[in-house]
Structure formats: structure tokens, C-alpha cells
Amino acid sequence: MRSAHGERGRVVRWPWGARRRREAETGGARAAAEEEDPGDWADWLARSPEGRELVAWWRDERSLTARSGAGHYRQRLAALLSRAAPRDVAAMGLGCSRRVDRPCRAPGVCGRDPDPADGIRLRSGPVPGACSRFIDCWTPHEIRVHFTADDRHRAVLLLRGGPDAARLWVDGTPVGEGEWLDNGGHWEQDRFYVIRVGGPADHPAQGLGDFGDWLYRIVSLLVYDAERALAHVLVPGPDEHWTDPVLRIDGGTAHVYATPAAEQAATPDRRFPVDGPGTPPGA
């Protein structure tokens, strides 16, 4: 394990990274995301100052970028998304886990609060109260916003065309700076955000991944503890072949499996207490 800000040698860049970054800097094709009218979301936005600010920043990207620069625009966009409620993000016109290829057109559903479950209002998947995951398929930012089921935490990922250009924030805090990030992660027990990052360049099994993979064959895991605001990068050793790693937590113990098959066989490579002192084994 090493800190999330650690440095290591990098393998050669993916060839399409520079092209996608150029597209992002020049504006790219906004296509269907140019839905300029919030439509039925206007009633919600009238009651949500955060939502109004987010939607205004999103709709006025070109002029704001011309005045302030692309870097400032992205930083502010990430900050606004990190404060937004799920229905604020829906009002932007992003796709969601219900349907990724078009804006939300059902505020009568997404604008409702989730139904209580054991006294807690939970949100998970396509249920009343909007979805927990929002997806931008059309702009160079390639936004991903993923809320926990109780809305207490959220991850904001701007993919920006490649693993070296992607940036991640959890609850508004930059996470994984300097890492090559995969094109999405997941929440484990609504506390730990888990995402694959570039593995060690000197690993004996390192090489190109399968077609469509964002990262090279052997990957590491970035685990962000949202309750303790701590990030750790778990790095496979020479004998650990993490090609498709899985992290699961059971009874206060984290288990890291090299692949889903290893998880099914109950053969973890690592175990450590999630609330123990210090950092996970392997530091």
C-alpha cells in the first residue's frame, strides 16, 4: 500500500489520450447534452439555489470557459456537482442509471423523495426519488456522479477522454491525484469508494489489457474511506495478479480478491480490518 499521492514509473501513454484531450479543450460535440431548457425541472430549480447555480454553470460553458479558462471551469463544475442533490444533477439533463442515452424527462418520478425504509430514506437504482448514478455520454467532460444510497456521500468523476486525464472528487475532496483512473468505481457499504487505478509498471505480468479496458493489465485499487476522509492505494505485489480485482467487506474486515473467480472461490489476496489503527497491510 502507498498513499494516494505516491509516484511511480509509468508505462507508455495510450495513443488516443492526446486526441481526446484536444477535443475536450476545443469544446467537442455536445450533441444531445445541449438541451438548454430545464422544462418541468423549473419548479424544482426555483426551490434549489445549488441546482440553479449548477445548471447555469453547465448551460453557459462556452462563455465561462472563454472568460476563465478550461481548467477553472472544470474545477468549479466539480465543486458544484459535489454540493448538488440528485435531482439537481437530473435537472442538468444528464443520463442516469435508468437510461443513459437521454436526459431525465420524468420529474414526476425523479422529483419525489425516496420511500422510507426502516426510517431511512434510501435511493438505489430506478426508484422514485431519482437514480443514484448519473452519466454524461455526450460532452468532453464525460461526467459520472455516483451517490450512496442514503445520499450522504457522492463521487464525482470527470473522465475527460482517458485514464491519465480523468479526475475524481469524493464529497468535494480531490482523490487519486497523479493516478491513472478507470472509467468508474463503486460504493462499498455506502462508506468506501473503490476504483481501479494504474498498476505498477514493473509488475512481471504487466502489459496491455483486453480491448476496451482503460488501464493496463495489472491494476491497483484506490479505496477512499468517506467516513474518515482517508485514501489508500492498494498495490499488488509481484505474485498478486490483480487483473479484475474485487474489494468486499464482511464483519469489519476488508477482503481483496484478484478476480471475481477468486471471490467466488473465497481466496482473497489481502485481509485487513477497516477500522484498525494505521493503514492497511502492505504499507
Establish whether Y257 and V197 are linked, either directly or via other cluster members, by ILVMFWY side-chain heavy-atom contacts under 4.5 Å. no

Could you tell me the separation between the CG atom of L158 and the CZ atom of R74, rounded to the nearest 0.5 Å? 8.0 Å

Using a strict threshold of under 4.0 Å (side-chain N to carboxylate O), is an ion pair present between R196 and D213? no

D171/R152 ion pair, N-O < 4.0 Å: no

Report yes if the side chains of V145 and I135 come closer than 4.5 Å at any heavy-atom pair, otherwise no. no

dist R191:CZ -> D150:CG (nearest 0.5 Å) comes out at 13.0 Å

d(D88 CG, L81 CG) to nearest 0.5 Å is 9.5 Å

Between Y73 and W57, ring centroids under 6.0 Å: yes

Any sub-3.5 Å donor-acceptor pair from Q206's side-chain atoms to I218's backbone N or O? yes

Give the intermediate values and the outcome of side chain to side chain contact (heavy atoms under 4.5 Å, CB included) for residues R228 and D275. CA-CA 9 Å; R228 302 171 74 180; D275 289 314; 4.2 Å; yes

So, do E53 and R76 sit near enough that their side-chain heavy atoms are less than 4.5 Å apart? yes

Answer yes or no: is there a side-chain heavy-atom contact under 4.5 Å between V256 and F272? yes

In W169, W187, Y224, F147, the residue satisfying ring pair (Phe, Tyr, Trp, His ring centres under 6.0 Å) with Y193 is W187

NE2 (H186) and CD1 (I195) are apart, to the nearest 0.5 Å, by 10.5 Å

Hydrophobic clusters here meaning ILVMFWY residues chained together by side-chain heavy-atom distances under 4.5 Å, can you tell me if L80 and L94 are in one? yes

Heavy-atom pair of closest approach, residues L159 and D182: CD2-O, 4.0 Å

With distance as the sole test, does T65 use its side chain to make a donor-acceptor pair with the main-chain N or O of E61 at under 3.5 Å? yes

If we ignore hydrogens and angles and just use 3.5 Å, is the side chain of T259 paired with the main-chain N or O of D244 as donor and acceptor? no

Test side-chain hydrogen bond (donor to acceptor under 3.5 Å, both in side chains) applied to H146 and R154, H153, R133, the passing residue: R133

Evaluation steps, salt bridge (charged side-chain N to carboxylate O under 4.0 Å, His left out), between E142 and R160: CA-CA 6 Å; E142 296 182 86; R160 300 169 55 202; over 6 Å; no

Please name the pair of heavy atoms, one in P236 and one in R270, separated by the smallest distance, quoted to 0.1 Å. CA-NH2, 3.9 Å

Over all atoms of both residues, closest heavy-atom pair of V233 and S220: CG1-CB, 4.1 Å

Could you give me the CA-CA distance, side-chain angles and deciding distance for L77 and W58, then say whether side chain to side chain contact (heavy atoms under 4.5 Å, CB included) is met? CA-CA 7 Å; L77 176 62; W58 181 240; 4.0 Å; yes

Using only atom types and a distance under 3.5 Å, with no angle test, would you say the side chain of D190 pairs donor to acceptor with the backbone of A149? yes

Which atom of V274 lies closest to which atom of T253, heavy atoms considered: CG1-C, 4.4 Å

Could you measure the distance from the CD1 atom of I249 to the CZ atom of F192? Nearest 0.5 Å is fine. 4.0 Å

Under 4.5 Å between side-chain heavy atoms, counting indirect links through other Ile/Leu/Val/Met/Phe/Trp/Tyr residues: same cluster for V246 and W242 or not? no

Decide yes or no on side chain to side chain contact (heavy atoms under 4.5 Å, CB included) for V55 and L45, but give the supporting numbers first. CA-CA 9 Å; V55 170; L45 293 174; 4.0 Å; yes

Closest heavy-atom pair and its distance - L181, A166: CD1-O, 3.6 Å

At what distance, to the nearest 0.5 angstrom, does CD of E240 lie from NE2 of H203? 7.5 Å

With no hydrogens and no angle check, is any side-chain donor or acceptor of R59 less than 3.5 Å from a backbone partner on M92? yes

